[in-house]
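Contents: one structure, followed by commentary.
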Amino acid sequence: MTSFLLLALAACGQSAEQRRAADEADVEAVKAAQNRLPPLQPMKPEPLMQEDVARIDASGPGCMVRLGEGLAPPVLVTVGSFGWVKLDGAIIKVAGDSGSERGPVDTWTRFTGKQVTLRLEYPSGAAVSSGEEGRSHPVTLTMRDPYDRVIYRGQGMQSCSS
């Protein structure tokens with residue numbers, strides 16, 4: 001209450017031009033605060049264990065991305081237009097981006113969710129054709145936060161089945 005009175009008293013002694021300039025400065029300060037990005041939070045996808053994969057609706061032809069040489073549990077499972085990734089202990093469902101290239105067995109090369117966007121990049125620059133399921137292919141997995149900043153990039157192997 002006292003701060004309001006002090007502001008009101010201070011405004012009384014200002015000319016219209018001074019009040020306008022002060023208002024503009026306040027508006028700019030609010031805009032700057034609203035446009036400030038939160039700190040970057042790097043994340044690494046966690047392995048999807050067998051019990052995790054069993055809980056998600058991932059039946060049908062699809063692909064699994066494993067980091068490293070491909071012997072570890074998958075960090076991304078894709079089936080048709082959806083994918084699943086585990087971050088901070090939570091399994092997150094992401095939707096295939098129909099504006100991206102098609103991946104193997106009718107999956108996509110880009111998946112989008114509220115918290116993260118995932119992109120699969122192939123060394124040749126083009127997605128592996130859908131006729132090559134059952135084989136493993138090198139892939140780069142890139143994750144971006146909601147502000148389109150890279151929070152993870154790793155190399156791995158993608159294996160698909162029909």
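On a predicted model such as this, the values are computed, not experimentally measured, just so you know.
- Not one N or O on the side chain of Gln158 forms a donor-acceptor pair closer than 3.5 Å with the backbone of His137.
- Here the rule is side-chain contact (heavy atoms from CB on, under 4.5 Å) with Val94, and of Trp108, Phe82, Trp84, Phe111 only Phe111 fits it.
- Without hydrogens or angle criteria, Arg119 side chain to Thr142 main chain gives no donor-acceptor distance under 3.5 Å.
- Summarising the local packing, CD of Gln50 is surrounded by 12 or fewer heavy atoms from other residues, nucleotides or ligands at distances under 6.0 Å.
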> Between Lys44 and Tyr152, does a side-chain contact (heavy atoms from CB on, under 4.5 Å) hold up when you go through it step by step?
Replying inline: CA-CA 6 Å; Lys44 185 174 182 178; Tyr152 176 79; 3.7 Å; yes
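- The hydrophobic clustering, which links ILVMFWY residues whose side-chain heavy atoms are closer than 4.5 Å, places Met43 and Leu120 together.
- Distance check, rounded to the nearest 0.5 Å: NZ of Lys114 to NZ of Lys93 gives 13.5 Å.
- The CG atom of Leu87 lies 7.5 Å from the CG atom of Leu118; values are rounded to the nearest 0.5 Å.
- Between the side chain of Thr109 and the main chain of Ser100, no donor-acceptor pair closer than 3.5 Å is present.
- Applying the side-chain contact (heavy atoms from CB on, under 4.5 Å) test between Pro45 and each of Leu76, Ile92, Val65, Val75 identifies Val75 as the sole match.
- Asp145 contributes atom CG, which lies 5.5 Å from atom CD1 of Ile151 (distance to the nearest 0.5 angstrom).
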>> Applying salt bridge (Lys or Arg N to Asp or Glu O under 4.0 Å) to Asp52 and Arg55, what does each step give before you reach the verdict?
In response: CA-CA 5 Å; Asp52 295 327; Arg55 283 188 299 185; 2.6 Å; yes
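- Two residues are said to be in side-chain contact when any heavy atoms from C-beta on lie closer than 4.5 Å; Asp148 and Thr117 fail this criterion.
- Of all heavy-atom pairs between Pro61 and Val79, the closest is O-CG1, 3.4 Å.
- Distance CE/Met64 to CE/Met157: 15.0 Å, rounded to 0.5 Å.
- When all heavy atoms of Tyr122 and Pro138 are compared, the pair lying nearest together is CD2-O, 3.9 Å.
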